Structures are given as C-alpha cells and as structure tokens.
Amino acid sequence: MKTLSLSILICLVLSVKVAMTAEPQLSGTVLIEDVTILSAHQGQPQHHMDVLLEGGRIERILETGTNPPSETIIDGSGKFLTPGLIDSHVHLGHNPIVNRDDAPVFEALNHAYRLQLPRSLLYHGFTTVIDLDYAPERNGWLAESELVPDVHHCGRGVRFAGGYGPAFVPPQFVERVFPNLVYEPQHKAFWPDGMDPELYTVDAAVERVVRSGAVCLKTYVETGFGGVFEWASPSAETLSALAKAAQENGLVFVVHANSAQAWQMSVDAGADVIAHGMWHWDGDRRGAELTDAALVAIQNAVAAGVAVQPTVQVVVGEKATLTGALLQDPRTLPLLPRELSDYLQSAKGRWSQRVLLELYEQHNPFADTTPETLIDVSIERAMKSMERFHRSGGVLLMGSDTPAQDGIGNLPGLNGYLEMLGWAKAGIPLDRIFWSVTLGNAKGFQIDNELGSVEPGKQADLLLLNRNPLQDVSAYNDIAIVIVDGKPIKRGDLSAR
Ligand SMILES: [Zn+2]
C-alpha cells in the first residue's frame, strides 16, 4: 500500500509540474525499461529495473512496472545496463596511422582520423577517457565532433632534459614539444640553452598542470626500454617532491614505469598509479620467467597500495604493427573510414611497420632471435607480471595506452577491448575487469562522484549490452546502445562505414 500511495504521489507531482510548464519537463527524458543493471557498487545484478534519465543524469531507478512518464522508451528486457567504460590511459592528440612526413596526404587523412576517433572510442563503449599527457589548447579539434567521450587529463607530462621524450628532439625544440620540464642539476649537460632553470622547478611544473584543469599529474621513469637506449631519469628526491606537490594539490600522481627498477622507484616515491605493466628487468632479454627483482618490485607495489595499469596492448600492439595482422581483421572496419583503410593497405601506409623493423634490426643483439620472438617474450612477461600482481592483492586499473606507438597496433576503441581480452586470457576474473574499467578507474582518478556506477544523480553515460560481461568478456563487443550524457545512440551509428 505504501509503495502504491507513494507512486500515486509522484505521479501527481509530475503531472502538476507538466501542467505548469507546458511540455519541457518530459522532453529529453529516456526510460530504459525492464533491464538488468550491472554496477560494481552492488554485489549482485539488479533484475527487472526501470532507469529514468533526465538532463544528462540518472534521475531515478525503480522496479519495473511503475511506468514513469518519459519521452523516449528503450526496451531493456534481456539486456544489461552498465556504466559507460573508462579508459584511464589514452593519448588523443597522437595520430599513429598517418605518416606526418607524408605531407601531400597527411592533412586530409589526419582530418578523417580525428573525426572518427571519438566515435571509435564510443563504438567500443568508452564514454570517458583520461589523457595522461594533454594540452587542452592543442585539442580544440575534438569539439568539431558532435559526440565526444568525457575527457579528463593530467595536463602536460612532467619531463626531464635528456630523459624519455626530450632526448628524442634537438635541444632547440625541447621547450616547444615538452613544455613542462623540471630542471635537475645532475642533468645540466642536457638543459637547452636559453631556458631559465628557475622557471622549471617542481612547484612550477605542478602549477602548470593544475592550471590546465587536470585531475592527475604524470611523470616518467624510463631509462631506455630495458637497456636498448640510455636516457636520464629523475632523482628519487625530485620524484618524491613531485608526489608530495601533486597530492597537496589534489592530483593523482601517475608514473610511467615498465621495468622492475622503475616500478621500485615509483613505489619509493609514493606513486598513486603506475602507468604500465612490467616487461623489462635486468638479465637475459629472452627469458620470460619473473626474476627475484621483478617479484620484489611487484610485492612492494602491492604492499604500498599502488594501482597499476598493465597496458599489455603496448607490447601486443607492437607485435600487431610488426606483423600487420590487424590489417586483415574485420573488427577494424567500423573504426576506419575507407580512405584510412586504403592508405593502411598501401605500401606508403606500412611505414610504421618498416620503422619498427629497422629499430629492431639496429637493437637486436641476438643473431638467433627474431624481433617477433623478442616481442613475444615481452608479452609473456607483461601477462605474468599482471597476473602475479593481481594474485598478490594488487589493484589493477584499465588503461590501454591508446595509441602507445605508430601503426595499426593500437586502434582507438578496439585497443581498449583487446586490452580487456588480454586480461581475461591472463586469468584476471571478469568481475575484477568490470570493476577496473568502471568504478575502479573512477575512484582511482577521483571522478567517482560523477561516474563509474549506475546510481541516481550520476552522469548518464551508460551502455546497453546484449550479453553479460560478468559471464563472457566478449560481451563488451556486443553493445546495443551507447548512452552519452543521457542521449542514446545505436552502436551502428558510430561506425565509420
Ligand atoms: Zn602512454
């Protein structure tokens, strides 16, 4: 009786509101009827629920049968409503497909790539992305698209002269390409002429990140991909100072690290998130067994409560670029406008494959080991270290590092899906994957007041799946409808074809 009278009361209130303001109260409302809700904040699926969306938010969640009035009604029976997915490691400004040096075609193809990019992310259900090295002023092109995932970011990454990034460009361009440097006296020899070190302190770097509207701060500990290169890396003091300043400013402190040594440095500095899995350690590059140093770093990361983005697609995608296997994969078709697909199939379009092969030829000291075998070792290491970290009680966050490198290996959208397939293959339980790609990422990056679960008041970024992703990881590629800011979009409408 109580429920009944309450619902009558709600109806009355609603009808009064509607009567007072002609029509707008209901316009734009969406009702998803009789759906099973999957949300990591609840232990169990909620069957036979109605979810009302209004003004871009989840307005109410009711048991099926109460029939609140709504402009649009979606039949959710037999389907699963989940939060929109969050990929917490992307790079939106980097076009990996078209060769920048290919001037005659670059502009048109880059435009085609950028128009499809946000749609490809949404096509695979990623309604929120976190860009770990982002310049808002350089990404105005995103606004050209009508449908864009929510973008959060770390502002520009904090880099070091002679280190990962700045070491790749001539000194006169360092400031322009990597504007958020921190000066360290021990790397004075690499410091570009004409830049005043006093303007490049830890506090100044954090201040720049805060001003850009970031939720996190990213820095880099990369000595050179397991001994292939030799780059300067920051001192323990600088890293700790960055961690302290970031945390004082409410920023999540993220550290790029993919070796046992760099993981350990990140843990010692007080990182909140390590932005990569582990696939480098001292010793023979051809062995995949976790060494003692790797095991200790994993154990210490678990004990310190540092979250990890395994980014297995960095190494899996490298192999895909080298072999070109993804070029024949039908799953790439919805993500590639025809002109991009034609370009990739052409001799010119295979530039990244050639560049990668040359790099391996220059830096492979083993006459009896092919580049492919070396990458397979990295993949095996990444899978084993992820599984070990998880099994020891470590917190995984789903970040795909899209795109980690040039080539077809990390196609936006598909790359995040392949990352989740990789986790499942390594033995990460499906409920862990689901948490990591929804509520875990939202909590890890402090955006869970708005995102990450299906709860009233949260942003209406949701997915309607045909199958249950807690039973089969491939359900993430069986999306019926993507809901962005309360607006339902059929998945097919996001396809490039
Ligand atoms: Zn990255």
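Positions are given from 1 along the sequence. Indexing begins at 1, ligand by ligand and atom by atom, following the structure's order. The structure presented is a predicted model; accordingly, all values stated were derived computationally and were not measured.
A salt bridge between E289 and K384 is present, with a side-chain N of the basic residue lying under 4.0 Å from a carboxylate O of the acidic one. Comment: R159 engages D133 in a salt bridge, judged by a side-chain N to carboxylate O separation of less than 4.0 angstrom.
Here H256 fails the criterion, with no N, O or S atom under 2.8 Å of the Zn ion (ligand 1). The Zn ion (ligand 1) has H89 among its coordinating residues (N/O/S atom, backbone or side chain, under 2.8 Å). The nearest N, O or S atom of D133 is not closer to the Zn ion (ligand 1) than 2.8 Å.
To the nearest 0.5 angstrom, E419 atom CD is 9.0 Å from D401 atom CG.
Under the 6.0 Å cut-off for aromatic ring centres, F168 and Y164 qualify, their centroids lying closer than that.
H91 contributes atom NE2 as its closest N/O/S atom to the Zn ion (ligand 1). Considering just the N/O/S atoms of D401, the one nearest the Zn ion (ligand 1) carries the name OD1.
Atom CD of Q261 has 12 or fewer neighbouring heavy atoms from other residues, nucleotides or ligands inside a 6.0 Å radius.
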